[in-house]
Amino acid sequence: MPSMAQNGPRSNLQNQKKQSNFPNKSRNSDSLARRERIKSQRLSLPIASVKERLIEEVKTHDILIIVGETGSGKTTQLPQFLFNAGFCRDGKAIGITQPRRVAAVTVAKRVAEECGVELGQKVGYSIRFDDKTSSSTRIKYMTDGLLLREALLDPYLSRYSVIIVDEAHERTVHTDVLLGLLKNVQNVRSNSMKDHVNTDDKKSKNRTVQEKGTGAQCTSFLKQGHGRKFPPLKLIIMSASLDARVFSEYFGGARAVHIEGRQHHVDILYALHPVQDYLDATLVTIFQIHLEEAPGDILVFLTGQEEIESIEGLVQEQLHKLPEANRKLSTVPIFSSLPSEQQMRVFMPASPGHRKVILATNIAETSVTIPGIKYVIDPGFVKARSYDPVKGMESLIIIPTSKAQALQRSGRAGREGPGKCFRLYPEHEFEKLEDSTKPEIKRCNLSNVILQLKALGVDDIIGFDFMEKPSRAAIIKSLEHLFLLGALTDDCKLSEPVGHQMARLPLDPIYSKALILASQFNCLEEMLITVAMLSVESIFYTPREKLDEARTAAKCFSSPDGDHLTLVNVYRAVDGLLEKRKMEFGNEKSLKGKNEKFLRKWCKENFINGRSLRHARDIHSQIRGHVEQMGLRISSCGDDVLQFRRCLAASFFLNAALKQPEGTYRALASGQVVQIHPSSVLFQSKAECVIFNELVQTTKKYIRNVTRIDYLWLTELAPHYYASQS
DNA sequence: GAGCACTGC
């Protein structure tokens with residue numbers, strides 16, 4: 001991770017413009033001094049000393065693996081080196097992908113500043129809902145998911161001469177799919193040039209030979225490319241050290257180069273014996289550091305909100321037993337569902353003389369970098385999502401971290417000076433850990449991945465050259481799922497128009513299908529709102545200390561028919577309020593900020609998660625644009641709620657459940673016994689038949705986001721699935 | 001009567 005790639009939660013990004021009240025002259029000398037400082041900072045980065053060698057490596061190798069340790073400067077400097085070396089001739093661009101939005105934005109800003117250009121001109125970024133690029137952009141930072149979307153419109157990624165995949169070791173689904181795709185594109189692009197060299201009459205013969213040599217996927221790409229010529233694509237994969245070999249092997253023994261980093265030394269201390277209770281051990285270690293070690297803040301990695309809150313309470317309890325002079329210790333929690341204002345507390349210095357203990361989830365591993373950390377406590381566990389393709393069920397389980405993860409965590413202590421990391425397990429246990437975390441693609445629902453690949457022209461999914469292939473069972477299950485949704489034809493091709501329409505929408509395939517159906521059921525307005533609200537983290541925010549108040553507030557929106565209509569009610573309440581303000585105050589720009597403030601207040605009063613609501617509104621407007629372009633009819637069913645419920649049944653027929661005599665439900669697709677989640681408005685409602693959107697295993701198997709339907713609708717609206725079963 | 005790590009289009 002480059003040192004400037006991240007600075008706190010997303011919400012902080014807007015406040016980076018610095019105002020200056022100085023007259024022009026001194027501002028000029030200010031900026032001159034700043035330019036000089038930046039220049040010397042750049043020159044002192046480890047990567048600066050190997051600049052010429054790196055450019056040479058990229059010139060001579062089409063694929064290069066770069067192992068860059070933290071602080072090497074690879075993310076900010078390499079694109080600039082390549083730009084200056086002429087890699088953007090002919091108007092081509094260098095694309096750099098990041099797994100996270102914040103990183104793409106902050107790095108782009110930094111590089112624009114280093115280049116002395118306005119953001120969005122030569123240097124820009126593009127992430128969902130926020131595009132700061134123009135036709136003159138040559139160095140473009142983006143999220144890996146966005147480049148995948150771009151590939152749907154431009155399968156040869158023809159505007160890029162170089163693509164750099166940064167943080168590849170994190171192995172997100174997007175990174176993995178992208179790597180497979182890029183390998184293909186690169187093949188096709190270099191072959192298209194070989195074609196170019198041949199004379200025209202030899203061309204068709206030559207192509208058949210190449211198709212045999214380069215595999216099935218190239219065939220499908222070549223068909224689309226049909227005679228077009230592309231300059232070769234340079235591919236650079238940047239990764240942390242432990243995984244370099246895997247990438248090199250995947251790319252046919254590609255050359256790997258190493259760039260040293262700049263990180264302070266971190267002492268690793270292990271427990272002598274295995275600990276019985278890691279929470280207890282954590283507590284003991286916090287106080288051991290507090291009472292015996294030099295000043296400096298502590299970062300503790302825990303698995304979730306519950307652990308964080310429990311440790312917080314225990315620390316307070318222990319503190320009161322200490323003499324007054326030793327009580328100068330303050331705890332600060334951080335996890336993703338915490339409202340942004342509270343997240344910001346980790347960046348505030350502790351009161352004078354106090355030591356700060358940050359109790360964090362994985363969010364502090366990569367997403368948020370907290371300054372001032374000298375000590376890290378790593379109990380060695382993480383909460384991870386796992387997915388059972390056969391049951392179609394997700395669950396969250398606590399598992400040991402990987403070696404790479406342990407390394408990443410300890411690195412957090414050495415950003416500003418030497419630090420210490422306390423691993424709460426014996427050293428021989430470390431040796432037993434997996435090298436790296438299991439790639440996400442092996443533990444998630446593949447429907448979306450497969451739909452994307454099909455849309456990119458990859459027909460043979462099982463034969464696709466994944467870096468790490470998902471299980472055959474998982475692939476088959478998702479193919480089946482897409483087939484039942486009507487996205488695939490009998491011979492497993494993307495169907496026309498449904499499959500292609502679904503692939504265009506940046507949503508879960510089942511939600512995309514719901515939108516298409518809704519236009520036929522005359523309730524697309526309602527469905528647009530529904531899928532936007534279902535696509536974000538929980539809309540309702542229920543703090544433990546105000547449980548009753550929150551419940552009362554939620555009742556105002558609740559619909560007797562279920563959670564889907566309840567979500568529509570929330571969205572429409574907000575829309576109505578904003579509409580009313582527009583009538584009252586007009587539509588001036590100055591109102592925008594006031595509206596945001598108004599919305600924040602309203603959310604707080606109504607126990608709605610403002611961040612989630614904003615996100616849902618963004619998704620809503622993006623998706624609305626898409627369906628308009630697709631020519632779907634957008635209309636509302638008005639008060640005809642029945643029509644909407646029938647549409648929900650037609651869309652989510654795969655997720656239907658029937659009440660059983662003893663009050664539990666049976667999921668019809670898998671036969672599992674499930675219960676309605678207590679957060680649902682239908683909890684204890686005794687609805688005979690329901691559809692749901694999520695099946696999660698926690699203490700029990702719960703279904704979430706539930707709406708009551710009539711059982712007979714299923715055979716009527718999804719006969720291809722239910723007629724044979726009943 | 002329950003709690004869910006983190007990303008992303």
Side-chain angles (χ1 to χ4, degrees), chain A residues 6 9-10 97-104 126-131 142-153 167 170-178 301-310 334-338 360-368 381-386 394-399 401 405 408 437 439-441 443-444 448-449 451-452 455 502-509 511-512 531-532 535-538 540-544 547 551 609 615 618-619 622-623 626 663 675-680 682-685 694 696-704:
Chain A
Q6 65 295 113
R10 269 166 287 182
T97 71
Q98 296 288 330
R100 276 172 299 281
R101 293 161 55 95
V102 217
S126 190
I127 58 178
R128 190 186 191 184
F129 310 130
D130 191 5
D131 181 15
M142 62 195 132
T143 43
D144 42 19
L146 199 106
L147 184 61
L148 269 179
R149 285 276 154 196
E150 251 187 60
L152 286 177
L153 304 171
E167 313 284 2
E170 289 192 21
R171 302 294 301 278
T172 66
V173 190
H174 287 156
T175 304
D176 270 27
V177 175
L178 195 57
F301 285 101
L302 296 163
T303 65
Q305 179 174 355
E306 203 182 319
E307 280 185 14
I308 288 174
E309 282 167 355
S310 123
I334 183 166
F335 44 90
S336 79
S337 61
L338 200 68
T361 59
N362 260 3
I363 195 172
E365 229 173 62
T366 47
S367 303
V368 172
F381 292 94
V382 62
K383 197 178 285 186
R385 167 182 293 164
S386 75
E394 290 188 334
S395 45
L396 288 154
I397 45 170
I398 293 173
I399 54 167
T401 61
Q405 218 169 357
Q408 173 71 21
T437 312
E440 198 186 355
I441 201 159
R443 48 188 174 91
C444 75
N448 220 340
V449 169
L451 193 65
Q452 296 275 304
M502 283 170 67
R504 273 180 63 187
L505 293 165
L507 289 169
D508 253 6
Y511 294 159
S512 305
V531 301
S535 299
V536 300
E537 324 77 84
S538 177
F540 295 101
Y541 170 65
T542 42
R544 202 169 290 182
L547 214 61
R551 274 178 201 155
N609 185 330
H615 192 188
D618 281 339
I619 294 176
Q622 188 194 32
I623 304 299
H626 271 108
Q675 292 185 42
I676 295 179
H677 195 274
S679 65
S680 169
L682 290 191
F683 181 65
Q684 287 181 332
S685 73
E694 236 185 319
V696 197
Q697 160 117 47
T698 52
T699 48
K700 290 171 186 156
K701 292 174 185 172
Y702 285 111
I703 52 177
R704 300 203 322 179

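Numbered from 1 within each chain, the chains take letters A, B, ... in sequence-line order. Just the heavy atoms: all of them, side chains too, but no hydrogens, waters or symmetry mates, feed the values below.
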J.: Rounding to a whole Å, what distance do you find between A/Phe683:CZ and B/dG1:P?
T.: 6 Å
J.: Just to be sure I understand the rule, does A/Thr172 reach a base, reach only the sugar-phosphate, or reach nothing, if contact means heavy atoms closer than 4.0 Å?
T.: nothing
J.: Classify the nucleic acid contact of A/Leu146 as base, sugar-phosphate or nothing, counting any heavy atom under 4.0 Å across all strands shown.
T.: sugar-phosphate
J.: Rounding to an integer number of Å, can you tell me how far A/Gln675 CD sits from B/dG1 C1'?
T.: 10 Å
J.: Can you tell me how far C1' of B/dG8 sits from NE2 of A/His615, to the nearest Å?
T.: 9 Å
J.: Are the side chains of A/Phe301 and A/Gln405 in touch, meaning some heavy atoms are under 4.5 Å apart?
T.: no
J.: Is there a side-chain polar atom (N or O) of A/Lys700 under 4.0 Å from OP1 or OP2 of B/dA2?
T.: yes
J.: Could you check whether A/Ser679 and A/His677, counting side-chain N and O atoms only, form a donor-acceptor pair closer than 3.5 Å?
T.: yes
J.: Of all the choices, B/dC9, B/dA2, B/dT7, which nucleotide is nearest to the side chain of A/Arg128 once you look at every atom?
T.: B/dC9
J.: Within less than 4.0 Å of OP1 or OP2 of B/dG1, is there a side-chain N or O belonging to A/Arg551?
T.: no
J.: Any salt bridge linking A/Glu167 with A/Arg100? Criterion: basic side-chain nitrogen under 4.0 Å from a carboxylate oxygen.
T.: no
J.: Given side chains that start at C-beta, do those of A/Ile619 and A/Arg128 come closer than 4.5 Å, heavy atoms only?
T.: yes
J.: Measure CD1/A/Ile398 against C1'/B/dA5 and give the value in whole Å, please.
T.: 10 Å
J.: Once you round it to whole Å, what is the distance between P of B/dC6 and CD of A/Gln408?
T.: 15 Å
J.: What is the distance from CG of A/Leu152 to C1' of B/dC9, rounded to the nearest Å?
T.: 10 Å
J.: Within less than 4.0 Å of OP1 or OP2 of B/dT7, is there a side-chain N or O belonging to A/Thr143?
T.: no
J.: May I ask you to say what A/Ile127 touches in the nucleic acid, namely base, sugar-phosphate or nothing, with a heavy-atom cut-off under 4.0 Å?
T.: sugar-phosphate
J.: Counting only side-chain nitrogens and oxygens, does A/Ser336 get under 4.0 Å of the OP1 or OP2 atom of B/dA5?
T.: no
J.: B/dC6 phosphate, OP1 or OP2: any side-chain N/O from A/Thr366 under 4.0 angstrom?
T.: no
J.: Taking CG from A/Asp508 and P from B/dG8, how many angstroms apart are they, rounded to a whole number?
T.: 16 Å
J.: Map A/Pro678 and A/Phe129 onto DNA chain B by nearest heavy atom, then report which one ends up closer to the 5' terminus.
T.: A/Pro678
J.: Report the C-alpha distance between A/Asp176 and A/Arg171 in whole Å, list the side-chain angles of each, state the deciding distance to 0.1 Å, and finish with yes or no for side-chain contact (heavy atoms from CB on, under 4.5 Å).
T.: CA-CA 6 Å; A/Asp176 270 27; A/Arg171 302 294 301 278; 2.7 Å; yes
J.: Taking atom P of B/dC9 as reference, at what distance in whole Å does atom CD of A/Gln452 sit?
T.: 12 Å
